Amino acid sequence: MTSPDTSVPVVLDRVSVAIGGRPILRDVDLTVHAGDMVTLLGPNGSGKSTLVRALTGLLPVARGEVRLFGTPLDDFGDWQRIGFVPQRSTATGGVPATVREVVASGRVGRRRLLRPTSAADRSAVESALEVVGLSDRASHGVSQLSGGQQQRVLIARALAGEPDLLVLDEPTAGVDLPNQQALADALRQLKERGATIVLVAHEIGPMMPLIDRTVVMRDGWVAYDGPPLTQEVASHTHHHHDHDVPGGHDHAPHVSSPFDWERGNPG
Amino acid sequence: MSFIDLLSLDFMQRALVAALLTGLAAPAIGTFIVQRRLALLGDGIGHVAVTGVALGLLTGASPTWSAIVVAVLGAVLMEVIRERGHTNGDVALALLFYGGLAGGVLITGIAGQGAATLQAYLFGSLNSISFADVVFTAILAAVVLVLTLGLSPQLFAVASDQDFARVAGLRVRGYNLLIAVLAAVSITVAMRTVGLLLVSALMVVPVATSQQLARSFRATFVGAMLVGCVASVGGLLLSAALSFRVDVAPGPTIVLMALAMFTATWPIGVWLRRRSRLMAPFPEVSAAPHRSTDQHPHEHGKDCGHPAVPHADHVDYVHDGHRHAPHGEHYDEH
């Protein structure tokens with residue numbers, strides 16, 4: 001038995017994840033080493049997002065073990081070391097908020113209860129805004145920004161927590177090229193500081209030179225794990241095209257009745 | 001008796017204090033509820049609290065206490081259903097709304113009380129408020145204010161993005177329950193002021209009013225509390241002033257006052273949003289072909305009346321679906 005290495009940010013040890021009793025991920029082994037940038041590619045429904053949600057503790061693991069920085073997920077408490085950019089969430093809520101307010105909410109994992117904002121909080125927020133190139137928009141309302149800029153706000157929010165591991169779920173979906181470039185610049189700066197990055201992507205574009213390793217998911221399995229692949233190669237090798245694949249399917253069951261829920265799913 | 005004499009009466013002073021506290025507390029928690037896009041949650045809890053009041057009437061316990069207990073239980077139940085029930089949480093909530101109201105009316109009947117007793121709770125009865133009620137309201141309002149202000153960074157994070165907040169290490173379920181419980185508490189606080197059926201208005205309408213003009217969350221939050229205070233104190237005074245001529249209930253007056261403030265700010269909000277949309281900078285696009293206008297008798301300038309929208313290193317003047325950028329003697333189509 002090997003002792004868990006606390007310097008390894010992510011270890012998935014034969015992880016299976018089920019949603020609504022249906023297996024989505026099956027026996028996934030994945031180790032991400034410190035300072036690496038790993039992209040997860042694969043068609044829709046292949047389990048990329050499920051993998052990311054399992055490793056951030058948003059989905060329970062049915063079998064196997066997830067370890068973050070050497071600690072099993074259930075015992076893991078250093079959540080401020082993890083930065084997360086959720087999929088397709090908009091930065092806007094029911095109440096207007098400025099860019100700075102949304103980014104400042106990224107400090108929430110490092111703040112203590114009932115304490116005012118510290119100088120460290122403020123400087124982390126300003127530097128996160130600078131990294132994504134939105135300093136001049138800090139006091140704008142988030143809803144005034146374009147979709148790509150909102151995505152950069154969400155990345156700045158994750159950066160404001162000064163994470164050692166950044167997990168991004170499809171940050172490039174529907175983002176135009178200049179904004180993708182801005183995203184890539186932000187990730188480069190973060191990588192230069194020694195952060196580990198796990199990126200789920202459909203479009204890699206300007207991020208290609210940053211990538212150390214590519215993992216291709218297919219139908220809940222790891223189909224490829226090795227040197228970086230371009231999007232084209234990945235989809236040609238394993239699938240003709242990402243979208244409208246004949247026979248492409250989604251394993252996640254859809255629960256629609258109001259009082260139905262899954263046992264063991266914290267929702 | 002004049003209006004000033006009326007203000008010196010004990011019951012009126014108690015009512016004013018209660019109205020002020022309600023006007024502060026309800027919008028404070030309401031801001032987070034609207035942020036979570038659960039504007040009707042307050043309505044649901046209010047309906048459930050009707051059953052609580054009726055249980056109080058039936059058992060002889062204080063209806064305020066039984067309302068608090070049932071409202072908190074109802075809020076927690078709704079939160080659990082919403083969290084676990086995936087997509088159609090709204091249907092489950094609707095079931096609770098109707099169950100709460102029907103149960104309340106039924107139990108009130110069994111308790112041998114008429115609709116008039118229930119009406120005081122459904123639509124408020126500020127003028128019958130006792131000193132003990134005021135103290136009770138003040139304590140609950142203080143609890144709501146301290147928690148919403150003190151935990152606002154955490155509540156904001158949870159209300160705007162649950163997944164993010166959970167990965168940041170927050171106990172999201174705990175904060176969601178806290179929001180629901182605080183909502184239930186503010187509803188019972190406001191029960192005496194505007195009544196259970198109108199209570200949600202004081203949580204939502206001030207926030208809607210405030211966000212017409214505010215751009216930041218903080219400004220919306222403070223503005224909503226201000227609107228809430230002005231509406232509840234103003235509404236109470238207005239109903240007192242009118243009461244010399246007609247019988248005007250304070251609860252509906254307060255709600256209509258808040259709605260009037262919304263109606264007044266709404267056009268300004270529409271104008272502000274339209275203007276900020278118009279003036280948003282155009283994105284830079286490389287290698288656009290050069291096209292100049294055919295004929296352009298009008299000369300664009302600082303005060304020519306056309307919006308000057310930033311575009312890279314210059315401005316475009318926008319009119320009639322064109323974007324005209326000055327280029328030497330002529331204008332380019334951008």
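Just so it is clear, the structure is predicted and the values come from calculations on it, not from any experiment. Chain letters run A, B, ... following the sequence lines, proteins first, then strands; residues in each count from 1.
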Exercise for review: Please look at B/Thr220 and chain A and tell me whether the side chain, the backbone, both or neither of the residue comes under 4.5 angstrom of a heavy atom of that chain.
Suggested key: side chain
**Study point:** Under 4.5 Å from a heavy atom of chain B, the part of A/Arg137 involved
**Key:** side chain
Check your understanding: Which atom names give the shortest non-hydrogen contact between B/Phe164 and A/Ala158, and what distance separates them?
Key -> CE1-CA, 4.2 Å
Point to revise | Candidate pair A/Arg53 and B/Asp163, rule side chain to side chain contact (heavy atoms under 4.5 Å, CB included), full reasoning | key: CA-CA 9 Å; A/Arg53 292 177 70 80; B/Asp163 282 354; 2.8 Å; yes
Study note, to complete from the structure: Whatever's closer than 4.5 Å to a heavy atom in chain A on B/Val207 counts as side chain
Check your understanding: Any donor and acceptor pair, going by atom type alone, linking the side chain of B/Gln211 with main-chain N or O of A/Pro96 inside 3.5 Å?
Key -> no
Point to revise | Which portion of B/Phe156 sits near chain A, non-hydrogen atoms under 4.5 angstrom | key: side chain
Exercise for review: For A/Val108 and B/Gln154, work out which heavy atoms get closest and say how close.
Suggested key: CG2-CA, 3.7 Å
Study note, to complete from the structure: Tightest non-hydrogen contact, residues B/Ser216 and A/Thr98, listed as CB-CG2, 3.4 Å
Practice item. Measure B/Leu170 against the heavy atoms of chain A and call it side chain, backbone, both or neither at under 4.5 Å. Key: side chain
Practice item. Below 4.5 Å from any heavy atom of chain B, which atoms of A/Glu101 appear? Answer side chain, backbone, both or neither. Key: both
Practice item. Could you tell me the separation between the CG atom of A/Leu114 and the CG atom of B/Leu147, rounded to the nearest 0.5 Å? Key: 8.0 Å
Revision key, fill the gap. Interface check, chain B: of A/Arg81, A/Arg110, A/Arg100, A/Arg111, most non-hydrogen pairs under 4.5 Å belong to A/Arg111
Review point. Which bit of B/Arg277 is near chain A, if near means a heavy-atom gap under 4.5 Å: side chain, backbone, both or neither?
Key: neither
Study note, to complete from the structure: Interface check, chain A: of B/Gly169, B/Ser276, B/Pro153, B/Ala165, most non-hydrogen pairs under 4.5 Å belong to B/Pro153
Exercise for review: Work out which heavy atom in A/Val95 is nearest to a heavy atom in B/Phe217; give both atom names and the distance.
Suggested key: CG1-CD1, 3.5 Å
Exercise for review: For B/Arg273, look at atom CZ and say whether over 12 heavy atoms of other residues, nucleotides or ligands are found less than 6.0 Å away.
Suggested key: yes
